[in-house]
Structure formats: structure tokens, C-alpha cells
Amino acid sequence: MIRQRLFRYAVYRNMFLSFVLLTAAMIALVTVVLYMMFSWSTAKEVGNISESMLKQNSAVSSVIRDQVYNVGNLLLSDKEIVNALLDKEADPVKQYGVFGTLNRVQSTYPFIHSIGIYNGSNNTYLNTKGITKEQEMALLEEINSKNTSYFHLFPRKISSATSANRSEDVLTFVLLPSYYSPLSSKGAIVINMSTDTIQDLIGGYRNEAVDSLHVIDDKGTIITHSDRSRFMEDISQESYVQSILASDAESGYFTRSIDGSKSLVTYVKSKDMNWTYISVSQYHNLLFNMQALRTSALVLALACFAVSMFLSIWLTHHAYNPIRHLLEKMSAIPKIKDRRQINEFAILDTTYAEMTEKMKSMESAASAARQAHVLQLLKGGDETAFRRLAGEGKGPYFLAAALLLDSQDGSPGGEDEELQSYSCAAVARAAQQMLEPEGASVATVGDGTVAIILPMKQNRPPLHVLGMLEELQGELLRTLRVSVTVGIGTGAQTYEELRESFDCAQSCFQQRFFEGKGKMLHGDPVITAEVEHSEAQYPDKREKRIIEAIKLQQRDKLEKEIDQWIKEIRDYNYHEVMFFINQFIGGLYKQLNVHTVKNRESADLFLDFTRRITRFQTLQETADALKDLALRLCSLSEESGAVRHAEVVDFIQMYVRKHYARPDMSLEQVAGEVKLSRSYVGKLFKAHCELSFNDYLNAVRLEKARELLASTEESVQSISEQVGILNTTYFYTLFKKHYQISPAQFRSQHAIETKKAQ
């Protein structure tokens, strides 16, 4: 039975495979997640353990530092050692006594390789291993260059006292007694410690899981390493070392690919010395039972998959039963002997399509009849249809409403007739489905308008009906992406009143121009005549400001002025507003000389705007179009007027510099020279120079006065009159405000500076 359904029925087979794939994916996901969590938690635990053990081993640095300080203090408390550091004669007898003292101290501390005393005053060096001054020359030169602290560390290789070709790895600790005492600044105690000692102290930490254990200084140089051959190797360029040195944390661990292998890096920074303890362990060594874990996870996954197969068969069988029962009711399934492949959804789709076609044909006939009835009521002029509607007993009152499609490009009802017709039909069907329980009749009446006739028990529309219309608006916008404006007429009880109600609903659409698209607009049942407005006043002053802003290319001001112009005409009725808009366009056309041959491009902009002006559905759309037109005119005006404006400003500047001494110099006089209005010249000059004409004139006069004060001995009053400022007090005020110093002080200061320069 199951095998037959799997091979014969497509839906059954798809359901079964879907269940299998889903369970397989879930099993694989859970297995991988568990494996990753185990791997992560194991690495974290190992990292914490390694970090804890490294912290214990970091105490080695404290022990070494304390021991070095003890040796240094012991030597500095010995008189022979101090005398050797102060000796300027290099007395052999004293040196012999020092040599014996150093050997006794070295024998007390077996970890010390050798001890040396350096006296820079007599340039002598004593060492318990017989290492000569010449062999230690590089170290001694570096000692002479450093006196910044008492304690210094130098990892290095030194020549063996027994064989010149053999070297030994040591950590050299240099103590400079002069840092804390009045001893010679060129004296030093050199303590060499074998790296084998440090390796023995920390080597016990290394185990099979740790691939390398090493200590580095703050420059990335290896001080000791589990691989002894890597002593003093510079590993500062290794990415994991750079991460450790750059970190502010005193300890931590992270994973990093080292030499092509994923590794766990653990580090601890010493508090007493600039040492960092680092252990590097390859990841596969940490999870030594990784293969067993993978095998267990795979076996568990296969077992779960086997269980899921039986579960998928059970789920498929029970989930398929509703589809099988539906097939048995809607169509005849081929007999079992017929072994053809069966697609259950194709059978259901075909059956459903046949049933839908029958229902559509019936619905289309009923819908056509309803639409014809509505059109006969509203446009046919036949009262018989109204009496038949009233006779159905759904009244006694009726309400006419209209839905107007809000287009996106300004054209009424849509971008083209085909799209408008399709949208109207869709809106009419949606309105019929939603309002059918209220007994509504719906029809498309053309021009992107859908008419609705609603029966009512009272003369005013019920609130729930208004709510349904608002819900219809939202549903159309959400599902069909169609915005509609709703106009609601007045209540009607006769055929003529119903016609008037529909006309009232359509007249509401003029309010859309002011209130915007997608609104619900109500017709007033009381006021039948248009409200009388006060005499319309065209805002001509605002128009002049807009034209002036276009000429001066003041785009920010231009948009604000147009917004104010729209605000001033908003309170008038639709026809007055359209008249003002046409008057405004005519004013721009005339004042900007668009009719000339040179401005043909601007003329085309006006022609295009006038063609579209009747298609704007809202005042906001009109305002946006006016702003776009004004900004484009501003750009065209800028191209042609920029040169002219620059020439005018240059002429004014030259004129001021030539005639600045005239006391009667003014903006009005300069405007007369360039044959432009005073206000226009003032705004043009400030737009180009970023300061007013008077400020520029005063700046020129003060500059000339400054030159006269520096080059002549004339009085301040005389100089003030020479630059065109007859009021000396006003001249003082201007000069001090501009230069933060009075004329007399400037002259005195200039005289002093001139004398110094000579």
C-alpha cells in the first residue's frame, strides 16, 4: 500500500520526501551543534587549566628576580667588592681578594653560571669563569650607555672559558649600583645565570598535550624554550605573539593557526619582570578522543534517521488523508489497475477551474445586471428603476457615495485607459464584496469613478457604514496598491434627491485638491450654496520675492517663499486658486524674459508646466511642481547670469576703491552707476562677497587710513576726512572695532616696529 502510493501519487511522494529531508536536516543540525559545543567546551576547559598552571610557573620570574637581588645585596655589603668598584688604580692584590669573594658567593648559589665585576673608572673586568674584558666588550659598551634603572636583563650567548669555539646560553642580569648609591656611574655587577636552570624550573609543566612551552620578553625574543636551539630567537613577527604583546590582559587563551595547524595558545604575563609565559598545543592533541566522538555522533545520527523514516511514513499517511477524501468527493480517481502517474493537485486544479468558470459566468451575469441598474438610476433619468429599488424594502432612505481613483502621475484615474478600466473594475468588485451585507449596489461610471448606492433606515449614514468605507480604503491600498478618495453625498428619499446626492458626492472631490489623496470627504447636507469668501487678494509681494530669489540663485530661500505663497492662497476656493496659479506662471514668464529667443529652453519648461497644470490632483502636487519649475529656471538663470553678476560686482569693487574718499558714497549711488535697483544691488553684492556694501566700503576706507597712519605724520582727523569719514569719533569707533586697537596706538606700535627693524 505505502509502496504503491509512493510510486503512483505525486503529492504523497512529495510529502514523504519533505518529512524525510526535514528530519534529516534537523538531525544533522543537532549533531553538528552538539559536536561543536563539546569541542568548544573542551578547548575552554583545557585553556583554563593551562592558564592556571602557567600562572603557577610564572612565579619562577619572581624567584629569579629575588635571588638576583639577594646576590647583588650580598656583594654590595662586602667591603672588598665596594672597594673594587671604587678602585682607580687597579691594584692586583685587591683584585685577588675580590676574585675570592666572588667565588665564595657563586659556590653558595649553584644556579649561577658566573659573576663579574666591572669598574669603568680603571676599565677592568673580573669574572669567576675567567671570561676576559675583550670577550665581554659588547656587553660592557651597552652597560656604559645605560643608567636608567638598577636592574637590566640581557639574554645572550657567551664563549666558553674552556673552548673558544663553544658557546653557552645564559641570562645576564646587570646591576648598576650607582642608581641607588654614590658609587661610580661606570661600575656594574654582572650575574650570568644558565638557561638550563630556568628550563629545569619550568620544564616540568610540559606534557604530551603541550607542543611547545617558552618564555619571551616584551620585544618578542625567546628567553627560554622547550626546544633549546631556539634560545634568543626573535618571534615578534608571529601573529599570535603580536596578539599577546598588544593585549592588556595579564593572562588568557585563544585559538590560532600556527604552521598550518589549528592550535590553542595560552599565555600569562609576569608581574615582576617583562616576561610572558606561553604554551602552544595543537588542537587535535587536546581532543585525543576526537575520532571516537565522531564515530559515536555518526552512529547516533544514523539511528535517529532510521527512527525518522518510520515517523515520516506515519505523518505522511495521516496528513494525506484529507487530500484523499477531497479527491474522492470532487473527482473520480483512476482505478488501481491503471498504473499511470497521478498528480492530485492537477486533478483538483482542473476540477476547481471548471467549478470556478461556472460560478464566474453566473456571477458576471448578476454583476452586469447590478451595474446596469445603478447606471440607470444615476445617469439614465428613469424613475422606474428607483421605484423598483424602493420597492425592495431596503430603504426608506438612500445614500450615494463615489470612489475616485488617485493616480500616481496626476492624470485622472490612472496612467492609461486600460489600466484605469482594470483598476476601476477591481475597486468595484472589492466594494461590492465588502458592502454587499448592507444591501449596496456598485457600478463603474467612468473617469476613474465608482458609484455606490446604500439603503439606510435613517437620513444620515450609520457610523459602521463609514467605518466599512474606511476599511475598504485601507484594504485597497494594502492588497491592490490602489489609493481612492471617498466622497459621501446627502441622504435621499426620492429619485431627484438620489441624483443630487451623487452629484454632491462627486463635488466633494474638489476638496481633495486641498486636503490630499486617500481621504474621506463629506457633503454638507445643509449648506447648498458655496460659502462666500472675502475678496481674493493675489500675493504679488510674495511673487516678487520669488522672482528675485530666482535671479539671485537663492535656492533655499526660493523653496521657502513658494511654500509661503501656497500658504497664502490655500484658504480660497478651487477656482480662485487655479486662477492665482495661472497668474503666477504668467508673472514668472514675463518678469524672467522667457519669451526672448535666447531663453527658448525656459519657454519649453513653461509650456510643459501649463500642459500638466490641470492634471494636478492636490495643492501639494502643484506646489512641488512649482518648486521644480522655479529651481530649473534658477539653474538656467544661473548659467546666463553668473557672468553678468560677476561683472557688476567687480565694477562696484573697483568703483569703491577709486572713489572711497567721497563722503557721499552710498549703495544708491553705486546702483545708479550700474543702472540697477538699490535693493537688488545690495542683495547681489552680499551674495557674491558675503558682506554688505557698507561693510565693504568701511573696510576699504580703514585699509587706506591704516596706510596713511603708517606712512604720514598727519593728524587722525585729517586722515579720517581723506578717506571719506567726516565724523572723527565714528572713525575712531570703526577703526578700533576692525583692528582691536585705536589709530594712535596703531601709529605708536608701527613706529616701534619700524625702529626695531632698522
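Asn119 and Ser121 get closest at one heavy-atom pair: OD1-N, 2.8 Å. Residue Leu171 comes nearest to Pro155 through the heavy atom pair CD2-CB, 3.7 Å, listed as atom of the first residue, atom of the second, then distance. Residue Val68 comes nearest to Met193 through the heavy atom pair CG2-CE, 4.4 Å, listed as atom of the first residue, atom of the second, then distance. Residues Gly116 and Tyr125 share a closest heavy-atom pair of CA-OH, 3.9 Å. In this structure, Ser114 and Lys129 approach most closely via the heavy-atom pair CB-CG, 3.2 Å. Of all heavy-atom pairs spanning Val82 and Leu76, the tightest one is CG2-O, 3.3 Å.
Here Thr276 contributes atom OG1 and Tyr267 contributes atom OH; the two are 9.0 Å apart, rounded to the nearest 0.5 Å. With rounding to the nearest 0.5 angstrom, the CG atom of Asp234 is 5.0 Å from the OG1 atom of Thr221. Here Met232 contributes atom CE and Asp217 contributes atom CG; the two are 9.5 Å apart, rounded to the nearest 0.5 Å. To the nearest 0.5 Å, atom NE2 of residue His738 and atom CG of residue Asp695 are 10.0 Å apart. The line from CG of Asp227 to OG of Ser212 is 9.0 Å long, rounded to the nearest 0.5 Å. Here Glu136 contributes atom CD and Asn192 contributes atom CG; the two are 6.0 Å apart, rounded to the nearest 0.5 Å.
Between Ile115 and Val190 the shortest side-chain heavy-atom distance does not fall below 4.5 Å. By the 4.5 Å heavy-atom criterion applied to side chains, Val482 and Leu477 are not counted as neighbours. Under the 4.5 Å side-chain criterion, counting only non-hydrogen atoms from C-beta, Leu480 is not in contact with Glu475. Looking at heavy atoms from C-beta onward, Asn83 lies out of side-chain contact with Val98 at the 4.5 angstrom threshold. Side-chain contact between Ile741 and Gln749 is present, with at least one heavy-atom pair separated by less than 4.5 Å. Looking only at side-chain heavy atoms (C-beta outward), Asp563 and Lys627 come within less than 4.5 Å of each other. Annotation: side chain of Tyr277 is not in contact with side chain of Ser251 (no heavy-atom distance under 4.5 Å). In this structure the side chain of Tyr109 reaches within 4.5 angstrom of the side chain of Asn70, judged on heavy atoms.
Ring pair Phe685/Tyr696: centre-to-centre distance below 6.0 Å.
Under 4.0 Å is where a charged nitrogen must lie from a carboxylate oxygen, and between Lys560 and Asp556 no such pair does.
A donor-acceptor contact shorter than 3.5 Å links the side chain of Ser77 to the backbone of Leu74. Remark: side-chain polar atoms of Gln740 are paired, donor with acceptor, to backbone N or O of Lys737 under 3.5 angstrom. Between the side chain of Lys269 and the backbone N or O of Ser247, at least one donor-acceptor pair lies under 3.5 Å. Of the possible donor and acceptor atoms, none in the side chain of Gln67 sits under 3.5 Å from a partner among the backbone N and O of Ile64. Remark: the backbone N or O of Asp624 is not paired with any side-chain donor or acceptor of Asp628 at under 3.5 angstrom.
At most 12 heavy atoms of other shown residues, nucleotides or ligands fall within 6.0 angstrom of atom CD in Glu250. In this structure, Met137 places its CE atom where more than 12 heavy-atom neighbours from other residues, nucleotides or ligands lie under 6.0 Å away. Surrounding CG of Asn73 are more than 12 heavy atoms belonging to other residues, nucleotides or ligands, all under 6.0 Å away.
With no hydrogens or angles considered, no side-chain donor-acceptor pair links Ser263 and Tyr240 at under 3.5 Å. With hydrogens and angles left out, the side-chain atoms of Arg104 and Ser107 include no donor and acceptor closer than 3.5 Å.
For the pair Arg65 and Phe151, the cation-pi test (distance below 6.0 Å, angle within 45°) is passed.
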Decide yes or no on side-chain contact (heavy atoms from CB on, under 4.5 Å) for Lys219 and Ser236, but give the supporting numbers first.
-> CA-CA 7 Å; Lys219 295 180 181 178; Ser236 59; over 6 Å; no
How far apart are the C-alpha atoms of His113 and Glu168, what are their side-chain angles, what is the distance that settles it, and do they pass the side-chain contact (heavy atoms from CB on, under 4.5 Å) test?
-> CA-CA 10 Å; His113 172 273; Glu168 297 180 75; 3.2 Å; yes
Start with the C-alpha distance between Asn127 and Ile117, add both sets of side-chain angles, then the distance that settles side-chain contact (heavy atoms from CB on, under 4.5 Å), and finish with yes or no.
-> CA-CA 7 Å; Asn127 187 277; Ile117 295 293; over 6 Å; no
Take Ile223 and Ile216 through the test side-chain contact (heavy atoms from CB on, under 4.5 Å) and record every step on the way to the result.
-> CA-CA 5 Å; Ile223 294 175; Ile216 63 172; 5.9 Å; no
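Identified under the side-chain hydrogen bond (donor to acceptor under 3.5 Å, both in side chains) test for residues 89-98, with sequence neighbours left out: none.
Checked against ring-ring contact (aromatic ring centres under 6.0 Å, His included), Tyr739 has the following partners two or more places apart in sequence or in another chain: Phe735.
Results of the side chain to side chain contact (heavy atoms under 4.5 Å, CB included) test with Val170 over Ile191, Thr195, Ile158 single out Ile158 as the only residue that passes.
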